[in-house]
Amino acid sequence: MDTQICSAIENRQVLAFNYDGYPRVVEPHAYGLSKTGKDMLRAYQVAGESKSDPTLGWRPFLVKKIKNLTILDQTFTGTRPLYNPEDKSMVRVYCCLPLN
């Protein structure tokens with residue numbers, strides 16, 4: 001488990017990282033173990049790039065593919081619409097934001 005990710009979730013800090021060769025800036029909401037046994041982050045992408053369009057919105061990220069993780073000084077105020085702390089794609093949640 002990555003304590004940096006849980007710290008960012010707890011403190012509502014924005015994360016920046018590279019994923020699949022693209023820069024991402026996200027608001028992390030939930031971090032846990034996926035149904036396939038891999039650590040994953042459920043986050044709302046607010047800036048950066050992506051292979052798919054649109055660039056902004058909800059994204060699942062496999063933690064092992066996250067490179068150059070940085071916790072930014074920027075914070076966010078609360079959860080995004082359609083957030084579900086009981087994400088069914090995770091069999092175990094390590095840490096997550098409570099619903100507003």
Distance check, rounded to the nearest 0.5 Å: D39 atom CG versus I66 atom CD1? 9.5 Å
Determine, stepwise, if the pair R12 / L97 fulfils side-chain contact (heavy atoms from CB on, under 4.5 Å). CA-CA 8 Å; R12 297 179 188 222; L97 288 176; 3.8 Å; yes
N11 meets the side-chain contact (heavy atoms from CB on, under 4.5 Å) criterion, sequence neighbours left out, with S7, Q13
Taking only distance into account, with no hydrogens and no angle test, what donor-acceptor pairs under 3.5 Å do side-chain atoms of residues 41-48 form with protein atoms, sequence neighbours excluded?
residue : atom : partner : partner atom : Å
R42     : NE   : D87     : OD2          : 2.7
R42     : NH2  : D87     : OD2          : 3.3
R42     : NH2  : S89     : OG           : 3.0
Q45     : OE1  : R24     : NH1          : 3.0
Q45     : NE2  : A47     : O            : 3.3
Q45     : NE2  : E49     : O            : 3.3
Q45     : NE2  : T55     : O            : 3.4

Quick one: SG on C6 to OH on Y31, what's the gap to the nearest 0.5 Å? 6.5 Å
With sequence neighbours left out, the residues meeting ring pair (Phe, Tyr, Trp, His ring centres under 6.0 Å) with Y22 are none
E86 vs C96, side-chain contact (heavy atoms from CB on, under 4.5 Å): CA-CA, chis, key distance, verdict: CA-CA 9 Å; E86 297 177 15; C96 67; over 6 Å; no
Under the salt bridge (charged side-chain N to carboxylate O under 4.0 Å, His left out) rule, collect the residues that match up with K38, sequence neighbours excluded. none
Is the side chain of R92 donor-acceptor paired with the backbone N or O of G32 at a distance under 3.5 Å, no angle test? no
Begin from the C-alpha positions of L99 and N84 and carry the test side-chain contact (heavy atoms from CB on, under 4.5 Å) through to its verdict. CA-CA 8 Å; L99 285 172; N84 179 4; over 6 Å; no
Considering residues at least two apart in sequence or located in another chain, which fulfil the ring pair (Phe, Tyr, Trp, His ring centres under 6.0 Å) criterion with F17? F61
Are the side chains of S34 and M90 in contact, using a 4.5 Å heavy-atom criterion? no
Residues forming a side-chain contact (heavy atoms from CB on, under 4.5 Å) with Q4, sequence neighbours excluded: D2, L69, I71
Test side-chain contact (heavy atoms from CB on, under 4.5 Å) on V26 and V14; report intermediate values, then the result. CA-CA 6 Å; V26 304; V14 175; over 6 Å; no
Kindly work out whether a path of hydrophobic side-chain contacts (I/L/V/M/F/W/Y, heavy atoms less than 4.5 Å apart) joins F76 to L56. no
Between the main-chain N or O of I5 and the side-chain N or O of Y94, is there a donor-acceptor pair closer than 3.5 Å? no
Donor-acceptor under 3.5 Å (W58 side chain, P81 main chain): yes
Main chain of L72, side chain of T70: is a donor-acceptor contact present, judged purely on distance under 3.5 Å? no
Given 3.5 Å as the limit, does a donor-acceptor pair link the side chain of H29 with the main chain of P85, or not? no
Between K65 and D20 (salt bridge meaning N to carboxylate O under 4.0 Å), is one present in this structure? yes
